[in-house]
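We count ligands from 1, going down the list as the structure has it; atoms in each ligand are counted the same way. For clarity, every value in this text was computed on a predicted model and none was experimentally measured. Numbering of residues begins at 1 and proceeds along the displayed sequence.
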Amino acid sequence: MDLLLDTADLAEVEHALQYYPIKGVTTNPTMLSRLEQTHVLSHLKAIRALIGDERDLHVQLMARDRETMIREAHHLATQLGEQTFIAVPVTEVGLSVIKQLAQEGLNITASTVFSTIQGILAMLSGARYVAVFYDRMLNLDIDAGRVIKELAGLLWTNTSSTQVLAASFRNVAEVTNAYASGAGSCTVRPELLSTGLAMPSIKKAVQDFADDWKKVYGDKTLLE
Ligand code: E4P
């Protein structure tokens, strides 16, 4: 089970790396369209420099025709390293691109998945991750938990190495439900991670322990 960070913001990546068990970073064209600098590849290289070569970096293709998508994918993989995951929307063209790139040894994330059939086709085409857009599905009255359960079950039954990567979250409950439904990984906005740890009851419990300790041992720690 893994956690990824869903942001292209360098400061957010740097902060999260200090505190959370981050396996990688996912980006999308909307995030990259909001960058101050317009040389996207330089920004993606800056993310790669922050996360190191071992963590995943997911980047969605922006070309529209098959040939250019293939070229774009190889360019990204060459520029951003082996742990780069090429995100490809699961459409007809996308499936043909996923299949070819997977055969050529690139890591593929099948993106914009809203249904079980999309996930099945992506798995059969060679995707390493199937990115299920959880909150967007709920907004369409699609049972995202059921789709994740079905895909996770099929992956298990077929001993597939492909993982469900649940994405698109607006609250902590959606994240925990996605994991509980069988998602092997979730990619989460930084603010949701800090929200999950912001419960006043956490802070009070820690303070109560400290107060009880201080009454007897003052500022001593267990080093003494
Ligand atoms: C997934 O990889 C995307 O970055 C993102 O999670 C898409 O969902 P959202 O735009 O609804 O948050």
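- Electrostatic pairing of Glu150 and Arg146 counts as a salt bridge here, judged by a charged N lying under 4.0 Å from a carboxylate O.
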Contacts table for ligand 1: protein N or O within a distance under 3.5 Å of ligand N or O, distances only.
residue: ligand 1; atom: 4 (O); partner: Asp6; partner atom: OD1; Å: 2.7
residue: ligand 1; atom: 4 (O); partner: Asp6; partner atom: OD2; Å: 3.3
residue: ligand 1; atom: 4 (O); partner: Asn28; partner atom: ND2; Å: 2.9
residue: ligand 1; atom: 6 (O); partner: Asp6; partner atom: OD2; Å: 2.7
residue: ligand 1; atom: 6 (O); partner: Ser168; partner atom: N; Å: 3.1
residue: ligand 1; atom: 10 (O); partner: Arg136; partner atom: NH2; Å: 2.7
residue: ligand 1; atom: 11 (O); partner: Arg136; partner atom: NE; Å: 2.8
residue: ligand 1; atom: 11 (O); partner: Ser168; partner atom: OG; Å: 2.8
residue: ligand 1; atom: 11 (O); partner: Arg170; partner atom: NH2; Å: 2.7
residue: ligand 1; atom: 12 (O); partner: Arg170; partner atom: NH1; Å: 3.2
residue: ligand 1; atom: 12 (O); partner: Arg170; partner atom: NH2; Å: 3.4

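- Cluster partners of Phe85, using a side-chain heavy-atom cutoff of under 4.5 Å among ILVMFWY residues and allowing indirect links, are Leu4, Tyr129, Leu165.
- Among residues at least two apart or in separate chains, ring-ring contact (aromatic ring centres under 6.0 Å, His included) pairs with a member in residues 104-124 are Phe114-Phe133.
- Salt bridge absent: Lys214 and Asp211 never bring a charged side-chain N and a carboxylate O closer than 4.0 Å.
- Every pair passing side chain to side chain donor-acceptor pair (under 3.5 Å) that includes a residue from residues 85-99 is listed here, sequence neighbours excluded: Arg66-Ser96.
- When the options Ile98, Ile86, Ile70 are evaluated for a side-chain contact (heavy atoms from CB on, under 4.5 Å) with Leu106, the one that passes is Ile86.
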